[in-house]
Amino acid sequence: MKKYLSILALMLLSTLPALAWPGMPMPKLHVEGRWLMDENGNHVNLHGFGQTYSPWFNEMGSKWNNYNVSECLRYNKGILDGIMNSGWKMTYIRMHMDPYWSNKPGVQTTGENDISAFSMDRFKKYLDEVFIPMAEYAISKGLYVVMRPPGVCPEKIAVGDAYHNYLKTVWGYVATQKRLTDNPHIMFELANEPVQIKGTDGNYGAGSDACNKALTQFFQEIVNLMREEGCRNILWVPGTAYQSQYAGFAKYPIKGDNIGYAVHVYPGWYGSDAIEPSHELGGSYGGGYDSFAAGWKNQIEPCAANAPIIVTEMDWLPKKYEASWGKSITGKMLGAGFGANFKLLADRTGNISWMIFTGPEHLARFNGRAGSEGNYTMYNDPEGCIWSTYHWYEEYAGFDLPEVRNVGLYFSPRGIETSDETVILTGSSKGAALIADRGLGFDFNVNGDIDVSIQDPDILSWDNGSFTALRPGTTTCDVSYTIDGKRDTKSYKFVSTPFPLLNGYFNPSIWETGTFDEKTGEITTGQYGFAGWTYGDGLDLSGYDYLICEVQNPGGGLSLRLFDTNNYWSDPAMYDFGTKTRIVVDLKKMKSNDRRVAVDPSHLYIIGFWTYGGHKFKVRNIFPSNDPNATAVDIISAEQTGPVDVYNLQGVIVRSQVPASEATAGLPSGIYIVNGKKILK
């Protein structure tokens, strides 16, 4: 049963900002630093949907036409009512002032980016008759409103060009309309999907420093114009490349009060997963969470560090439904798929408002009934945005959800769940999240009140969603969290090791496709291929004098290579095995192969093996040492204190601080090292 009465009581106490159901007062919002805030100092994130008022967007002309204002309002108010009556916990609507109304009838255009048919008189008329009435109706239903201008940006824009002047004309007039500017619940998104801008260097593009400077100037002039007219509403500023580029705003922010940034996110953007290339950017199939997180960190987080973000277009559905702009699946947090990873990144960033752009008629038809595998529809398929977003919005609103079945700590790539011990590659970070299963077919991340306590912070660190292994060793970590009002703590053990010969850590295909058999240890590179380890944060071996590597069956031009630049095509230090089975690298005297410049052991990003291809070899041991004559057994033995640790032949701890009598109990058959001695089990 929903806690509706308790929610209303809490709202009156202003403990649930950004919730305002019909009949309840809506808090006034403002921007303070990186946050959208209410009057009581609470951080606010909005969650909503989009609506466009034109025959084509209203179910492809099947509901009204011929500039029929009354039928347009009747239909769209009915859709809005249907959404709210279906139980959606919406808190904002993104409203497109479609050029259907402001273009001169009968004048041919090349698309929504063509402003040649724009009529200011028509815009004024239908602003009063269509857009303001719909905005006021939405507000009466408890929704904040974000209004965007008619149409989309042309491919290329420039400071002072015709489109710039068009936006100034539109927003200059809007800024004088008291029904809008005196309403604190209305906000404005200044343009839709700029693509390229003429930079201060005269070249068109997106993302360059010159383009970033020009983009800020372009929108700063619009902001200044609106403020001069007395408009104090929150303004949302778009980025270039179809609203995907935002890093430049960290360096060249828009100045003034009540400024945030409006972002679009579709499957395939920012390195996210897509079923097929999607929307204007083309997209890609992505690389799961890690790729998405890297793109998000590069473009969104620098901007979000200084101002709030609102996502004004985003959705996904499996392609078979053909009912959304984005083609992907909900997937798993930290794993494959788009939707779950988007929510994880948005929640982790903290100041992200967002919406789904799936046709609002579909949202209004949602009935809340679950489906079953093999009998799903677009409305209840857990791999689609409608079913999952409906319940995520409930979670944000504080409503009851099915009881948590399990909470686990998961790592990227998904599938690695900590149990007794978890390996992390020294010098690398690994995305992690506490993920709850509520039996709805998709993930819920445990967000908010999480405390992470690490026993040895010199070995491992935690930073808002990722663990970083700083140096080799073993440590424990306590993770405390609150979910559904209950506080719990779970303990985990982590092993930081620089050279694990384990699937998911050793990559046989850094260049060209190779193979690695974890059971036998056999490695084969592709033709002129490279296999090894990559360290996203850089592996620091500066505390050692040597790196010792022992192989079995050298040949095929086998060489050990070390890169101090995070680029496989940079100039590494190279050491050919020839017929040797052991190489000792003097870390203090490493030189690159081509330029013969020093290779820095304090930040090594790639270490591994090159061959001509097709030759099978094994790595017996690879380890740092201060003794050029050391063996792996010597190193392991020197590290032993107190109760025994158990290592495999690659130097990876498989059991830590256990009684000697239980050292190999329950382990698979093989050779282990216990207190410096090889034990055959």
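There is a side-chain donor-acceptor pair under 3.5 Å between Asp478 and Ser491. For Asn58 and Trp64, the side-chain atoms include at least one donor-acceptor pair closer than 3.5 Å. Using modelled atom types and a 3.5 Å distance limit, the side chains of Ser429 and Ser466 yield no donor-acceptor pair. Between Asn233 and Asn258, the side chains place no donor N or O within less than 3.5 Å of an acceptor N or O (distance only, hydrogens not considered).
A donor-acceptor pair under 3.5 Å links the side-chain atoms of Ser86 to the main chain of Phe366, judged by distance alone. Glu189 places no side-chain N or O within 3.5 Å of a backbone atom of Val146 that could act as its donor or acceptor partner. Without hydrogens or angle criteria, Ser62 side chain to Glu59 main chain gives a donor-acceptor distance under 3.5 Å. Under a 3.5 Å cut-off, the side chain of Thr426 and the backbone N or O of Thr497 do form a donor-acceptor pair. Judged by distance alone, the side chain of Gln299 and the main-chain N or O of Ala247 form a donor-acceptor pair under 3.5 Å. Asn45 contributes a side-chain N or O that, together with a main-chain N or O of Gly350, makes up a donor-acceptor pair within less than 3.5 Å. Ser328 places a side-chain N or O within donor-acceptor distance of the main-chain N or O of Asp273, the cut-off being under 3.5 Å. Side chain of Tyr246 to backbone of Ala262: a donor-acceptor contact under 3.5 angstrom is found. Put simply, the side chain of Lys320 never gets that close to the backbone of Leu317: no donor and acceptor are under 3.5 Å apart. When atom types are taken as modelled, the side chain of Glu518 and the backbone of Leu502 share no donor-acceptor pair closer than 3.5 angstrom.
Here the closest heavy-atom approach between residue Leu401 and residue Phe444 is recorded as CD1-CE2, 3.8 Å. Taking all atoms of both residues into account, the shortest heavy-atom contact from Val145 to Ala135 is CG2-O, 3.7 Å. Ile186 approaches Ile139 most closely through the heavy-atom pair CG1-CD1, 3.7 Å. Between Val446 and Ala436, the shortest heavy-atom contact is CG2-CB, 4.4 Å. Residues Thr474 and Val495 share a closest heavy-atom pair of OG1-CG2, 4.0 Å. The two residues Ile352 and Ala346 make their nearest non-hydrogen contact at CG1-O, 3.6 Å.
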Inset, instruction - List the steps and the verdict of side-chain hydrogen bond (donor to acceptor under 3.5 Å, both in side chains) for Arg34 and Asn351. - result: CA-CA 7 Å; Arg34 68 185 296 260; Asn351 59 344; 3.1 Å; yes

Inset, instruction - Output, in order, the C-alpha distance, side-chain angles, deciding distance and verdict of side-chain contact (heavy atoms from CB on, under 4.5 Å) for Arg148 and Met95. - result: CA-CA 6 Å; Arg148 58 165 273 206; Met95 180 181 297; over 6 Å; no

Inset, instruction - Give the C-alpha distance, both sets of side-chain angles, the deciding distance and a yes or no for side-chain contact (heavy atoms from CB on, under 4.5 Å) between Phe442 and Trp387. - result: CA-CA 9 Å; Phe442 54 91; Trp387 177 256; 3.3 Å; yes

Inset, instruction - Quick one: do Asn192 and Gln243 satisfy side-chain contact (heavy atoms from CB on, under 4.5 Å)? Show the steps, please. - result: CA-CA 8 Å; Asn192 187 75; Gln243 286 184 238; 3.9 Å; yes

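How far NE2 of His264 is from OH of Tyr242: 12.5 Å, rounded to the nearest 0.5 Å. Atom-to-atom distance recorded for Thr91:OG1 and Phe49:CZ is 10.5 Å, nearest 0.5 angstrom. Taking CZ of Phe342 as the start and CG of Asp315 as the end, the distance is 11.0 Å to the nearest 0.5 Å. To the nearest 0.5 Å, atom CD1 of residue Ile483 and atom CG of residue Leu434 are 8.5 Å apart. Note that NE2 of His362 and CD1 of Ile83 are 11.0 Å apart. Values are rounded to the nearest 0.5 Å. The CG atom of Leu46 lies 12.5 Å from the OG1 atom of Thr312; values are rounded to the nearest 0.5 Å.
Residues Met378 and Ile386 are in side-chain contact: their nearest non-hydrogen atoms beyond the backbone lie under 4.5 Å apart. Residues Thr358 and Cys385 meet the side-chain proximity criterion, which asks for heavy atoms closer than 4.5 Å. Considering only heavy atoms from C-beta on, Met314 comes within 4.5 Å of Ile356 through its side chain. Residues Ile310 and Pro308 have side chains not in contact (no heavy-atom distance under 4.5 Å, counting atoms from C-beta outward). Ser244 has its side chain within reach of Trp269: a pair of non-hydrogen atoms, C-beta onward, lies under 4.5 Å apart. Side-chain contact check for Glu395 versus His391: every heavy-atom pair is 4.5 Å or farther apart. For the pair Met90/Leu143, a side-chain contact is recorded, criterion being any heavy-atom separation below 4.5 Å from C-beta on. Inter-residue side-chain proximity for Glu112 and Asp98 is flagged as met; some heavy-atom pair is nearer than 4.5 Å.
Tested against Thr377, the residues Asn375, Asn380, Asp381 include a single side chain to side chain contact (heavy atoms under 4.5 Å, CB included) partner, Asn380.
Residues Arg414 and Asp443 are paired through a salt bridge, judged by an N-O separation under 4.0 Å between the basic side chain and the carboxylate. Salt bridge present: Arg438 and Asp484 bring a charged side-chain N and a carboxylate O closer than 4.0 Å. The pair Glu313-Arg94 counts as a salt bridge, with a side-chain nitrogen and a carboxylate oxygen less than 4.0 angstrom apart.
Taking the six-membered ring for Trp, Trp88 and Tyr390 have ring centres closer than 6.0 Å. Separation of the Phe188 and Trp236 ring centroids does not fall under the 6.0 Å cut-off. Aromatic rings of Phe506 and Phe516 (six-membered ring for Trp) have centroids within the 6.0 Å cut-off, being under it. In this structure, the ring of Tyr75 has its center no less than 6.0 angstrom from the ring center of Tyr53.
Using cut-offs of 30° and 60° for the angle between ring planes, the Trp296 and Phe292 rings count as perpendicular.
Scanning for salt bridge (charged side-chain N to carboxylate O under 4.0 Å, His left out) contacts around Asp81 gives Lys141, with sequence neighbours left out. Annotation: salt bridge (charged side-chain N to carboxylate O under 4.0 Å, His left out) contacts of Glu383 (sequence neighbours excluded): none. Shown here are the salt bridge (charged side-chain N to carboxylate O under 4.0 Å, His left out) partners of Glu32, two or more places apart in sequence or in another chain: there are none. For Trp354, the side-chain hydrogen bond (donor to acceptor under 3.5 Å, both in side chains) criterion is met by Tyr396, not counting sequence neighbours. Residues passing the salt bridge (charged side-chain N to carboxylate O under 4.0 Å, His left out) test with Asp290: none are found, sequence neighbours excluded.
Environment of CZ in Arg369: sparse, with no more than 12 heavy atoms of neighbouring residues, nucleotides or ligands closer than 6.0 Å. Lys490 NZ: more than 12 foreign heavy atoms inside a 6.0 Å radius.
Identified under the side-chain hydrogen bond (donor to acceptor under 3.5 Å, both in side chains) test for residues 329-342, with sequence neighbours left out: Trp316-Thr330.
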